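See below for the structure under consideration.
Quick caveat: nothing in here was measured; it's all calculated off a predicted structure. Each chain gets a letter, A, B and so on, in the order its sequence line appears, and its residues count up from 1.
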Amino acid sequence: MTQFNSFHLLYLVDAAKWTILLSLIAFAGGAVLGMALALSRLSQWRALRWLAIGYIQIVQGTPLLILLFLAYFGLGILGAKLEPVVAAGLALTLYTGAFLGEIWRGCIQSVPRTQWEASDCLGLDRLQQYVWVILPQATRIAIPPTVGFMVQVVKNTSLASIIGFIELARAGQIVNNSTFQPFLVFVCVGAIYFALCYPLSVTSRYLERKLHVAR
Amino acid sequence: MSRAEAVLPAEGQPIDQVPIVRVTGLEKSFGPLKVLDGVSFAVQPGQMVAVVGRSGSGKSTMLRCLNGLEDIQGGTIEICGHQVGRPGSWNKAQLRSDVGMVFQSYNLFPHLTVERNITLALTLVQKKPKADARRIALAVLEQVGLAEKAQAYPEQLSGGQQQRVAIARSLALSPQVMLFDEVTSALDPELTVEVLKVMEDLSRGGMTMILVTHEMGFARRVAHSVIFMHRGRVWESGPTAELFARPQTIEFQQFVGSVL
């Protein structure tokens with residue numbers, strides 16, 4: 001058994017890169033999916049609306065852990081054996097998309113109805129209304145809750161350790177197994193998560209203040 | 001209701017001119033509530049028509065129907081040659097290029113400058129080059145006396161200025177008819193004056209205008225004709241001076257008595 005040393009710390013920091021990567025995948029994929037879901041929820045086509053509602057309800061009502069199991073073990077048994085990073089990225093994307101979809105739908109709907117009417121009366125079609133009038137205003141409203149949710153996603157990537165993906169939490173377990181200094185090791189792990197999340201929280205609060213007073 | 005269904009001639013204009021707006025038997029319900037119960041009237045080109053009446057008489061709803069913002073349950077609306085209201089029977093894009101609308105709450109786009117508020121539809125809908133759109137924007141801003149505010153954001157303007165920008169924004173698209181929905185109701189009296197002045201100038205310039213208003217003094221002084229709505233109907237209408245001089249219905253008399 002070795003003592004916790006700078007090598008271990010570097011190993012943790014290195015593993016944090018995978019946490020960041022996984023967060024970025026979840027966020028990029030989730031943003032695309034979330035935007036599609038938000039717009040589908042607000043679509044004039046009933047079938048599309050119900051499809052989006054159904055997806056959001058099911059995914060929001062399912063633990064992320066189960067999504068990870070399904071993406072890794074479930075798809076594996078069905079013949080699509082995914083790398084842990086791909087399976088984790090997929091599960092996190094599906095999860096993030098469902099939540100961002102609902103957050104963004106709310107933001108789009110909080111733009112006053114009169115903005116739709118005014119742009120309609122000027123002759124803009126629906127796509128033009130979204131692009132030029134509604135989404136720019138919805139974005140301002142969306143930034144604080146979106147950044148807030150990013151913090152959740154960063155922390156939730158730790159669940160990917162369960163399917164053997166070596167990110168920060170899994171690296172912490174490995175280091176602990178060789179040093180057996182759980183308190184020290186997991187305080188370090190927690191500190192690195194904090195270092196990743198805190199800037200986001202601060203940014204979120206800053207934007208909230210700024211956007212509250214600005215246009 | 002002796003003059004209720006009458007075609008309204010503009011003063012000094014022949015009565016047989018083709019109306020630019022013709023509404024017949026317009027019916028509109030919100031669920032079980034019947035808001036418009038057979039509204040009929042016509043407007044000649046170049047006229048300013050003031051629609052007055054108590055709250056809940058259906059004035060604003062009627063105006064919104066004219067612009068296709070509400071679907072209708074009965075009757076016909078013909079405005080600038082467009083048959084409005086029934087799904088599928090009218091082309092919204094074409095209607096929008098002919099009919100402008102200004103709202104009580106201005107509804108400027110808060111994230112865009114005054115100039116961009118105006119050029120947005122010019123570039124996106126009318127596909128004008130940026131330079132042309134800009135020139136038009138400055139011209140209409142000049143017309144409403146706000147050329148120096150082109151680069152300001154809506155929140156930096158007073159309510160009256162915002163409403164004048166909203167009028168300019170609508171005007172920039174060169175509509176044939178403009179609809180005004182209680183455009184001064186949200187304004188302080190001193191700000192109301194500057195907006196009414198712009199509208200009066202527009203009317204002098206020959207714009208066909210239909211305005212729902214509570215400004216009875218203005219309607220009486222400037223409008224060519226007045227429509228008094230009551231219980232979802234045109235209760236009384238006619239040339240302004242004649243109507244105010246000899247009200248035919250007790251409801252209109254009471255209304256005039258209560259607001260003037």
Pairs in or reaching into residues 144-156 of chain A: which pass salt bridge (Lys or Arg N to Asp or Glu O under 4.0 Å), with residues at least two apart or in two chains?
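Checked against salt bridge (Lys or Arg N to Asp or Glu O under 4.0 Å) - neighbours excluded - no pair reaches residues 144-156 of chain A.
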
Chain A heavy atoms under 4.5 Å from [X]: which part of the residue, side chain, backbone, both or neither?
X: B/Ser105; answer: side chain
X: B/Val102; answer: neither
X: B/Phe103; answer: side chain
X: B/Leu108; answer: backbone
X: B/Leu124; answer: both

Give a yes-or-no answer on whether the side chains of A/Gln129 and A/Arg126 include a donor-acceptor pair shorter than 3.5 Å.
no

Does a donor on one side chain sit under 3.5 Å from an acceptor on the other, for A/Trp18 and A/Thr157?
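No pair is found: no donor N or O on one side chain lies under 3.5 Å from an acceptor on the other.
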
Those residues of residues 195-206 of chain B, ordered by number, that approach chain A below 4.5 Å (heavy atom to heavy atom)
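Near chain A, by residue number: none.
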
Within the supplied structure, the quantity of interest is the number of heavy atoms (other residues, nucleotides, ligands) at a distance under 6.0 Å from [X] [atom1]; does it exceed 12?
X: A/Phe73; atom1: CZ; value: yes
X: A/Lys81; atom1: NZ; value: yes
X: B/Glu148; atom1: CD; value: yes

Counterpart residues, ring-ring contact (aromatic ring centres under 6.0 Å, His included), relative to A/Tyr72 (two or more places apart):
none

Any chance you could lay out the side-chain contact (heavy atoms from CB on, under 4.5 Å) test for A/Trp104 and A/Leu37, step after step, and finish with the verdict?
CA-CA 9 Å; A/Trp104 290 349; A/Leu37 284 168; over 6 Å; no

Between B/Lys92, B/Arg116, B/Met101, the one whose heavy-atom pairs under 4.5 Å with chain A are most numerous
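Heavy-atom pair counts peak at B/Lys92.
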
Rounded distance [0.5 Å steps], CZ in A/Arg105 versus CD1 in A/Ile53
8.0 Å

The reported gap from CG in A/Leu159 to CZ in A/Phe69 (rounded to nearest 0.5 angstrom) is 9.0 Å

Relative to each other, are the rings of A/Tyr95 and A/Phe99 parallel, tilted or perpendicular (30° and 60° limits)?
tilted

Listed by residue number, which members of residues 115-122 of chain A have a heavy atom under 4.5 Å from any heavy atom of chain B?
A/Gln115, A/Glu117, A/Ala118, A/Ser119, A/Asp120, A/Cys121, A/Leu122

Going through the distances and angles, do B/Val125 and B/Arg96 end up as a side-chain contact (heavy atoms from CB on, under 4.5 Å)?
CA-CA 10 Å; B/Val125 182; B/Arg96 293 288 176 257; over 6 Å; no

